[in-house]
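Beneath this line is the structure, given in structure tokens, with notes to follow.
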Amino acid sequence: MPRQGPGSNKYTRKAYKLLPTLPPRPNILDVGCGSGMQTLELARISEGQITALDNYQPFLDDLKRRAEAEGLDNKIKTINGSMLNLPFAKGTFDLIWAEGAVYIIGFAKGLCEWKPLIRIGGYLVVSELTWLRTDMPNEISTYWKGEYPGIKTIAENVGIIGQEGYDLMGSFTLPESGWWDDFYKPLRRRINLLRHKYKGNREASAVLDASKQEIDMYKKYSPYYGYVFYLMQSK
Ligand SMILES: C[S@@+](CC[C@H](N)C(=O)[O-])C[C@H]1O[C@@H](n2cnc3c(N)ncnc32)[C@H](O)[C@@H]1O
């Protein structure tokens with residue numbers, strides 16, 4: 001898989017370029033980096049030093065290989081650790097970045113717990129699964145209540161951003177191509193491949209069914225929810 005959640009280089013770049021004032025060599029933390037599609041893009045477009053953190057070593061190994069192949073390994077350091085307990089001193093980072101990952105700790109808790117690690121005036125950028133409309137049909141509202149009870153509307157998340165001591169600098173919704181091109185299309189290919197490999201294995205089939213259901217839901221209900229980038233400045 002090129003990445004482990006919705007997103008694309010174009011929109012990583014867009015979010016980064018919207019940040020008004022970063023030092024020439026920003027110190028960046030990429031939380032829940034996965035195999036690091038966005039880490040590599042951040043390394044390409046900034047002169048900064050990036051710490052890429054995930055708790056799954058095979059993703060970090062993959063990122064290391066990709067960084068070396070592109071000659072970006074001097075800008076990227078990988079750390080196997082948990083976002084629930086980040087091992088860094090106060091004010092270490094000019095920018096914390098988390099694409100499709102803050103949901104693991106929870107939107108409000110992530111904003112609260114990561115804030116001390118950002119220097120005052122520094123930034124937090126996250127992309128988060130968000131309701132785009134409030135008139136959603138029962139089927140999709142029940143589905144996401146089961147899969148991600150923390151899902152909120154843009155207005156609710158903007159409220160949390162203020163309560164947690166950040167200014168919202170900008171926000172935009174990832175277009176549907178950002179779900180399909182580097183995520184759901186490759187995921188669909190993997191599901192088909194693994195169906196053969198794990199034929200007769202009930203546990204594996206349940207995992208594949210769940211992934212397929214997620215894709216089917218998006219196909220049917222994409223106007224109702226999306227991934228929203230929130231660009232925040234720590235006050
Ligand atoms: C949906 S993926 C997003 C990956 C990547 N940012 C992207 O957009 O392609 C979430 C990532 O969080 C990682 N993860 C899960 N629990 C974690 C934890 N407690 N601490 C750090 N990373 C975690 C997973 O291994 C996975 O790589």
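One-based numbering, in listed order, for ligands and for the atoms of each.
- Close contacts between ligand 1 and Gly81 involve ligand atoms 20 (N), 21 (C) [criterion: under 4.0 Å to a heavy atom].
- Nearest protein neighbour of atom 9 (O) of ligand 1, counting heavy atoms only, is Gln4 N, 2.9 Å.
- Among all protein heavy atoms, the one lying closest to atom 26 (C) of ligand 1 is Asp54 OD2, 3.5 Å.
- Ring centers of Tyr184 and Trp180: under 6.0 Å apart, within the cut-off.
- Among protein heavy atoms, atom 8 (O) of ligand 1 sits closest to Arg3 NH2, 2.9 Å.
- In this structure, a donor-acceptor pair under 3.5 Å is present between the side chains of Asp30 and Thr39.
- For the pair Tyr227 and Gly100, the tightest heavy-atom approach, listed with the atom from each and the gap, is CE2-CA, 3.6 Å.
- Checked for salt-bridge contact, Glu41 and Arg13 meet the test: a charged N lies under 4.0 Å from a carboxylate O.
- Residue contacts with ligand 1: Tyr56 is placed with no nitrogen or oxygen under 3.5 Å of a nitrogen or oxygen of the ligand (distance criterion only).
- Taking a cut-off of under 4.0 Å to the non-hydrogen atoms of Phe59, the atoms of ligand 1 that pass are 25 (O), 27 (O).
- Under 4.0 angstrom from ligand 1, the non-hydrogen atoms of Asn55 come from both its backbone and its side chain.
- For the pair Lys14 and Phe229, the cation-pi criterion (under 6.0 Å, within 45° of the ring axis) is not fulfilled.
- At a heavy-atom distance under 4.0 Å, no atom of Ser127 approaches ligand 1.
- The closest protein non-hydrogen atom to atom 12 (O) of ligand 1 is Ile104 CD1, 3.3 Å.
- Ile28 and Phe93 make their closest contact through C-CD2, 3.8 Å (heavy atoms, listed as atom of the first residue, atom of the second, distance).
- Ring geometry for Tyr103 against Tyr148 counts as perpendicular: the plane angle is over 60°, on a 0 to 90° scale with 30° as the lower cut.
- Ranking protein heavy atoms by distance to atom 7 (C) of ligand 1, first place goes to Gln38 OE1, 3.4 Å.
- Heavy-atom proximity to Cys33, at under 4.0 Å, picks out these atoms of ligand 1: 5 (C), 6 (N).
- With hydrogens and angles ignored, the 3.5 Å screen pairs no side-chain donor or acceptor of Glu99 with any backbone N or O of Gly7.
- Taking each heavy atom of Ser141 and Met136 in turn, the nearest pair found is CB-CG, 3.8 Å.
- Met37 and Ile45 end up in different hydrophobic clusters when Ile, Leu, Val, Met, Phe, Trp and Tyr side chains are linked at under 4.5 Å.
- The proximity of Met37 to ligand 1, defined as any non-hydrogen pair under 4.0 Å, does not occur for either the backbone or the side chain.
- When the heavy-atom distances from atom 4 (C) of ligand 1 to Gly32, Ala101, Gly100 are ranked, the shortest goes to Gly32.
- At least one heavy atom of Ser82 sits less than 4.0 Å from an atom of ligand 1.
- For the pair Ala98 and ligand 1, no heavy-atom separation below 4.0 Å is found.
- Looking only at protein heavy atoms, the nearest one to atom 20 (N) of ligand 1 is Met83 N, 2.9 Å.
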